[in-house]
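Quick note on labels: first sequence line is chain A, next is B, and so on, each numbered from 1.
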Amino acid sequence: MAPVWSSCSNRCLLAATNLHFPSYFTAAISIATPQHPENQPESISFFSLNNKESIISTIKSISNKTHLLQIHAHILRTTLIQDAAVSHHFLCRVALSGPLQSPTYSHRFFQQISNPFVSHYNTMIRAYSFSDSPQKALFLYQDMRRRGIAANPLTSSFVVKSCIKFLYLLGGVQVHCNIFKDGHQSDSLLLTALMDLYSQCQKYDDACKVFDEMPQKDTVAWNVMISCFIRNNRTRDALSLFDVMQMEKYECVPDDVTCLLLLQACARLNALEFGERIHSYIMVHGYGGALNLSNSLISMYSRCGCLDKAYDVFMGMKNKNVVSWSAMISGLAVNGYGRKAIEAFEEMQRNGIQPDDHTFTGVLSACSHSGLLDEGVSFFDRMISEFGITPAIHHYGCMVDLLGRAGLLDKAYQLITSMEGKPDSTVLRTLLGACRIHGHVTLGEQVIEHLIELKAQDAGDYVLLLNLYSSAGHWEKVAEVRKLMREKSIQTTPGCCTIELKGAVHEFVVDDNSHSRKVEIYNTLDEINKQLKIAGYVVELSSELHKIDDKEKGYALSYHSEKLAIAFGVLVTPPGTTLRVASNLRICVDCHNFLKLFSAVYNRDVILRDHKRFHRFRRGHCSCNDYW
DNA sequence: GTAGGGTTAG
């Protein structure tokens with residue numbers, strides 16, 4: 001018998017479906033129904049849908065909302081919804097693709113299935129893992145287990161992905177336990193997902209443990225391990241994995257993603273030679289044309305202070321997207337070529353590429369690094385009014401930096417208070433840094449109060465405040481802050497410097513004692529200190545934390561990690577070699593003076609990249625104006 | 001009774 005649906009209108013469909021459906025479905029249909037009935041697409045012919053194969057093929061091919069709704073009604077009415085294959089295909093269609101795609105809609109359909117299978121659950125869990133409410137994936141997973149339906153490795157994999165999305169460690173651990181119960185503990189893909197979860201939840205040790213226990217480690221597993229190292233501040237170790245993974249024991253071939261991750265690590269460590277090695281690997285393995293890799297190379301070279309090479313990569317690209325241009329702009333910015341960065345920004349638009357929020361971060365940082373105050377203020381306004389980009393925290397950060405460096409501390413503070421939402425600790429820290437440079441004690445105190453309000457427990461903040469007080473000679477305040485730090489048991493982040501030698505990265509912390517050549521390094525440093533003193537080097541006292549005897553203070557300062565890295569550089573490289581050092585913190589005044597004089601006395605160029613910018617020292621001059 | 005999983009550019 002011919003189904004009555006063959007020529008029914010939406011009104012008719014609505015009426016009919018009301019018989020079977022609760023009110024939400026009515027709402028769904030009314031949303032899906034075009035406003036003008038005469039423009040409605042032709043109804044589906046259900047004459048041909050008398051077997052499930054034809055229904056399934058129709059479900060797969062349909063790209064029209066109304067028709068999907070008609071099918072929905074049809075499979076409900078004919079009770080085909082209880083057919084696993086039909087319901088599965090329809091669920092996939094509305095959960096994962098097609099015009100009705102929405103986890104809410106598909107969830108309602110899902111609830112109509114009286115005996116859902118694993119595949120139904122998997123589809124729903126997967127849909128939620130992509131959505132804005134990934135927690136719901138976990139609820140469904142728990143519901144599924146309560147109903148005694150066995151999860152397969154894919155179920156767990158989708159749930160882990162959801163947990164990663166909202167960084168829900170506890171949920172992930174729960175799934176991890178169940179994976180053992182289900183006997184899927186040897187599934188490499190599942191374990192890789194779990195590693196990523198632990199890594200993203202800062203559980204570095206757990207990620208390593210999962211990795212070690214993996215029966216088979218493929219390239220993706222190694223990549224996740226590398227990304228875990230990078231995420232958890234073990235960047236140097238991330239680089240070493242490149243060789244380890246290729247060892248005979250593992251025989252794993254690094255792929256394009258490995259290169260992408262390692263380039264990030266090189267950029268952070270200032271590891272130029274290693275970066276060049278990855279560059280060759282990329283070319284040899286035929287990844288040279290990949291946009292993402294080229295973009296990452298631009299960033300790596302410019303963050304290593306090698307703007308020429310960054311520019312070569314940029315110019316060699318057949319196609320450039322907004323990421324390529326933004327990387328080049330930021331590269332010019334961080335290397336101190338503010339005007340050039342602005343020119344690049346204009347050139348980019350002439351090439352028909354629209355800037356985005358990242359581009360403006362580059363442009364604003366160009367202005368702040370080169371002290372282009374008016375330009376920066378104007379770009380910030382244009383970004384909002386002309387390009388319709390809502391300023392994000394990064395943009396405010398650049399602006400506070402720009403205003404702060406220009407000494408317009410009150411304006412910077414005003415900008416922060418005018419922000420929608422509360423400023424984050426980074427922005428406040430930038431302002432605090434400016435207070436430190438300009439010796440603005442009162443504002444510094446206000447800023448620190450905000451930071452305490454934010455429960456920011458970073459020792460760096462207190463150190464800046466200590467510096468501020470000590471440079472102003474407020475020793476009783478210094479003592480107060482130190483007491484506060486002790487009470488709150490705030491630990492200072494150890495300053496850490498890296499220097500590269502023949503592709504190997506050497507890492508130094510304050511008063512480092514771990515390097516195999518420590519005796520030679522300390523002897524070299526003593527010799528450098530002697531030479532610099534002859535040339536007039538005087539230890540800068542204001543950067544130390546508390547009022548101590550000057551002699552003791554001079555001693556404490558001489559072992560900052562910057563100096564150890566330089567001493568190592570002198571020890572292992574021929575005279576005249578440029579020394580490139582990266583530091584995780586802001587360089588202190590004393591080290592700045594030290595390097596300035598060092599570059600003159602030893603006739604060496606030094607390029608130091610601290611947490612934000614480059615300091616290039618040449619024959620007793622520094623190209624930046626941070627400590628003048 | 002059917003399809004589906006892990007890493008990734010500024």
Please confirm whether any donor atom in the side chain of A:D218 sits under 3.5 Å from an acceptor in the base of B:dG6, or the reverse.
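Pair found.
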
Parallel, tilted or perpendicular: rings of A:F90 and A:F109 (30°, 60°):
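Rings of A:F109 and A:F90: tilted, 30 to 60°.
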
Side-chain donor-acceptor pair present, A:D357, A:H395, cut-off under 3.5 Å
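Checked: A:D357/A:H395 side chains show no N/O donor-acceptor pair below 3.5 Å.
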
Given atom [atom1] of [X] and atom [atom2] of [N], what is their separation to the nearest angstrom?
X	N	atom1	atom2	answer
A:H89	B:dA3	NE2	P	5 Å
A:D196	B:dG5	CG	C1'	13 Å
A:L260	B:dT8	CG	C1'	5 Å
A:L189	B:dT7	CG	C1'	11 Å
A:I59	B:dT2	CD1	P	13 Å
A:L262	B:dA9	CG	P	13 Å
A:F130	B:dA3	CZ	P	17 Å
A:K60	B:dA3	NZ	C1'	9 Å

Within less than 4.0 Å of OP1 or OP2 of B:dG5, is there a side-chain N or O belonging to A:K161?
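It does not, given that no N or O in the side chain of A:K161 lies less than 4.0 Å from OP1 or OP2 of B:dG5.
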
Nucleotide nearest [X] when distance is taken to its side chain, options [options]:
X	options	answer
A:A327	B:dA9, B:dG10, B:dT7	B:dG10
A:V257	B:dG1, B:dG6, B:dT8	B:dT8
A:T192	B:dT7, B:dG6, B:dA9	B:dG6
A:S119	B:dT8, B:dG5, B:dA3	B:dA3
A:S299	B:dG1, B:dT8, B:dG10	B:dG10
A:S157	B:dT2, B:dG10, B:dG5	B:dG5
A:P153	B:dT7, B:dG5, B:dA9	B:dG5
A:A193	B:dG1, B:dG6, B:dA9	B:dG6

Run the numbers on A:I342 and A:L372 for side-chain contact (heavy atoms from CB on, under 4.5 Å), then give the verdict.
CA-CA 10 Å; A:I342 294 173; A:L372 305 171; 3.7 Å; yes

Is the NZ or CZ atom of A:K320 both under 6.0 Å from the centre of the six-membered ring of A:F314 and within 45° of that ring's axis?
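Yes, A:K320 sits over the ring of A:F314.
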
Determine the contact category for [X]: base if any of its heavy atoms lies under 4.0 Å from a base atom, sugar-phosphate if only primed atoms, P, OP1 or OP2 are that close, otherwise nothing.
X	result
A:D187	base
A:R231	sugar-phosphate
A:T359	base
A:D83	nothing
A:A290	nothing
A:H120	nothing
A:L96	nothing
A:L293	nothing
A:V322	base
A:V224	sugar-phosphate
A:S330	nothing

Look at A:R405 together with A:D401 and state whether they make a salt bridge at an N to O cut-off of under 4.0 Å.
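The answer is yes: the pair qualifies as a salt bridge.
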
Any chance the rings of A:F229 and A:Y204 have centres within less than 6.0 Å?
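Ring-ring flag for A:F229/A:Y204: true, centres closer than 6.0 Å.
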
Mark yes when over 12 heavy atoms from residues, nucleotides or ligands other than A:D132 sit less than 6.0 Å from its CG; otherwise mark no.
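Not more than 12 within 6.0 Å, no.
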
